[in-house]
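Because the structure is a prediction, the values reported are computed rather than measured. First listed ligand is number 1; within each ligand, the first listed atom is number 1.
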Amino acid sequence: MAKIRWLGHAAFEIKMDGKTILIDPWVTGNPLAPVKREELCADLIIVTHEHGDHGFEDAVEIAKRCNATFVSIYEIASKAGELGVKNTVGMNVGGPSEIAGFKVALTTAVHSGTSNPVGVVIIGKELTVYHAGDTGLFGDMKLIGEIYRPDVALLPIGSHFTMGPVEAAYATMLINPRVVIPMHYKTFPVLVQSAYHFTEEVKRRAPNVKVVVLEPGESYEL
Ligand SMILES: [Zn+2]
């Protein structure tokens, strides 16, 4: 059984195939974080982009302490290597690569940054998970859905910096996962504060997709 734990904002801990994966593990300074970074460890850590709310610094510390493999866009992985992370994999948007027993592919994300922000698809034996990173809506999400057929999509719904509830519901329709879990909301006053509108929109646009709304620290098993 695989387990997905929301650590608040865009941070997730995924346990599958007997391993632990962290994505955007921003916990230091994250007002929603249910844990301290000392409590986290992983085999694989993925950072979607360099903005402070996506946990590059926490990821570097955890990767060093746990000897985890650090995956990101090439420039960010190189920076982690310079900071002493031993196992780094610098990739780019494209096809999957075999990493730590999973297939990992970076995807487009429509966002800003000095190195390209990305989303990520992680293909394990138990699950395929798509974490969209910080992004606006784009039509090629349909292709991500068709090619990888994710069981779970982790989508930002907070608006202002990313998709809002309506765009994220439309994205859910395009990706057509089994389960969608909203993220990147209610962390700051400027963001959407509840998943209610998103949930209602998904019922309308993609009624076959199950919406799982987690509280920070809460897990979903499937
Ligand atoms: Zn962000």
I would like to know whether Lys186 and Glu215 meet salt bridge (charged side-chain N to carboxylate O under 4.0 Å, His left out); could you show each step before the answer?
CA-CA 11 Å; Lys186 76 181 178 182; Glu215 288 303 317; 3.2 Å; yes
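- Remark: side-chain polar atoms of His131 are paired, donor with acceptor, to backbone N or O of Gly133 under 3.5 angstrom.
- Taken together through direct or relayed side-chain contacts under 4.5 Å among Ile, Leu, Val, Met, Phe, Trp and Tyr, Val121 and Phe70 form part of one hydrophobic cluster.
- Tally of protein N, O or S atoms closer to the Zn ion (ligand 1) than 2.8 Å: 4.
- For an aromatic pair to be called close, the ring centres must be under 6.0 Å apart, and Trp6 with Tyr185 satisfies this.
- Within the 6.0 Å centre-distance limit, the rings of His9 and Phe188 are counted as a close aromatic pair.
- In this structure, the side chains of Pro177 and Val152 stay at 4.5 Å or more apart for every pair of heavy atoms.
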